[in-house]
Amino acid sequence: MLAQMIYPHFHKDFVSYLGCNLFALLLLLLALALIIQHETHTPIVISTWRFIEAVKVAAWHVMEEGGSAVDAVVHGCSTCELLQCDGSVGYGGSPDESGETTLDAMIMDGTNMNVGAVGALRSVKGAIEAAKLVMEHTEHTLLVGDQASQFALALGLPGPANLSTAESLKAWSVWRESGCQPNYWCNVVPDSSVGCGPYRVSHLSQRMTDNKCEIFDRTDSEQFGSSSSKAVGFQNHDTISMAVIDKRGRIAAGTSTNGASHKIPGRVGDGPIVGAAAYADDDVGACGATGDGDVMMRFLPCYQVVESMRQGMDPASAAKDAIARIRRKYPSFIGAVFAVNRLGVHAGACHGWLFQYSVQDATMNDVQVFTVHPDAQ
Ligand code: ASP
């Protein structure tokens, strides 16, 4: 009133002033939203290797249906299990020494750090579904072997199923006919580098000279020139490790694999080990890994990646650092990781092989495959 008495146009001018500023504020907010959306690239789905169908299914779930990151990871990994991606995910791949296929899988919810996992799962095809049952219906983290199968069947998963196929049994008999080469034994008699078992523990004096565990030389000779055990190579193992950030910023990660070909029965790889093949934390981001799980799980590379990002490293440096830590102790190991921060910025690093990972984010119409070259020594 007083203002209007002193200055009669106060009301009109004030309203138009307010209107202009509100308009400017709205424009600013819109621009900010666009910048944030552009910078965050979320929702996002990332998977090891060219597992394109798996990424599409997960991306559809999280982008079109507005589903949760956990469910998207489970849908994505289940797709690979059904498609038997690369022969190294799902049934019918990587027969162990007795010819059986067993499965490892994990799911991690980065909102509450809840985890479910199964190792050496037999007779059940849905490994990641079994892992999810462990996460959602028990207070445990990891169930293994026959008891994991019984648990999954009791809670309604289809089975018991035969996880072998004509191809996996053929691969197994070829391996037997080749004198069980390669294999994962060392310090045993008869000499595991020339023939099949059953093996016994060798005497200490023999251990020092014969057939010892060549931990620095586990790789495929085609790639590294020489090898004694040649058990871990390009062709004989892979994992789908997948990370998803959903529309609400929830982050999940998971894995599924049939492990390593010709593994010793009972072997569990890095797939179901939290922090080894996958890790997720809503506050930071996520990581997925693939490679020689027996070596990699000793370094918890995915835990390392996420913790490095928490300390301020960008995803590319965190991924490289995790690989470098393993390479320093095992110069010939084969492996790779991808890292993604909570804004959806991603990167990969690898050693001993060329690595590819697949991505679909909010800005992409289709899945894109990124190729990562091994770090220089
Ligand atoms: N890491 C898996 C394992 O060792 C296999 C792989 O990803 O290559 O079981």
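The basis for the numbers below is simple: all heavy atoms, side chains too, and nothing from hydrogens, waters or symmetry mates. Predicted model, so just to flag it, every value in this text is computed and none were measured. We number each residue from 1, following the sequence as shown. Indexing begins at 1, ligand by ligand and atom by atom, following the structure's order.
Distances between N or O atoms of D238 and those of ligand 1 include at least one value under 3.5 Å. For a threshold of 3.5 Å applied to N or O pairs, the pair formed by T257 and ligand 1 contains no separation below that value. Checking only distances, G291 does come within under 3.5 Å of ligand 1, N or O to N or O. On a distance-only criterion, G293 and ligand 1 share at least one N/O pair closer than 3.5 Å. Note: no N/O pair closer than 3.5 Å links W353 and ligand 1 by distance alone.
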Note to self: Under the criterion salt bridge (Lys or Arg N to Asp or Glu O under 4.0 Å), I'd like the reasoning laid out for K132 against E129: C-alpha separation, chi angles, the key distance, then a yes or no.
What the structure shows: CA-CA 5 Å; K132 188 172 180 242; E129 286 282 2; 5.3 Å; no
Next item on the list: Would you sort out whether I128 and E81 count as a side-chain contact (heavy atoms from CB on, under 4.5 Å), showing the intermediate values?
Entry: CA-CA 9 Å; I128 188 94; E81 289 170 355; 3.5 Å; yes
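By the 4.0 Å heavy-atom criterion, A277 is excluded from the residues contacting ligand 1. In this structure, M297 does not count as a contact residue of ligand 1, since none of its heavy atoms falls inside 4.0 Å of the ligand.
Minimum interatomic distance between V268 and M297 (heavy atoms only, all atoms of both residues): O-CE, 3.5 Å.
For ligand 1, the atoms closer than 4.0 angstrom to any heavy atom of G259 are 9 (O). Proximity to T239 (heavy-atom distance under 4.0 Å) selects the following atoms of ligand 1: 1 (N), 2 (C), 5 (C), 6 (C), 7 (O).
Ring pair Y357/H346: centre-to-centre distance below 6.0 Å.
Under 4.0 Å is where a charged nitrogen must lie from a carboxylate oxygen, and between R250 and D109 no such pair does.
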Just distance, no hydrogens or angles: give the donor-acceptor pairs under 3.5 Å from side chains in residues 315-324, sequence neighbours left out.
| residue | atom | partner | partner atom | Å |
| --- | --- | --- | --- | --- |
| S317 | OG | D314 | OD1 | 2.7 |
| S317 | OG | D314 | OD2 | 3.2 |
| D321 | OD2 | R325 | NE | 2.9 |

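Within the structure, disulfide (SG to SG under 2.5 Å) pairs that include any residue of residues 250-281 do not occur (at least two apart or interchain).
Within the 4.0 Å heavy-atom criterion, the part of R267 lying near ligand 1 is the side chain and not the backbone. If you look at T290 next to ligand 1, the close heavy atoms, those under 4.0 Å, come from the backbone and the side chain alike.
Checked by atom type, the side-chain pair R298/Y330 shows a donor-acceptor distance below 3.5 Å.
Among D294, V89, D270, the residue whose heavy atom lies closest to atom 3 (C) of ligand 1 is D270.
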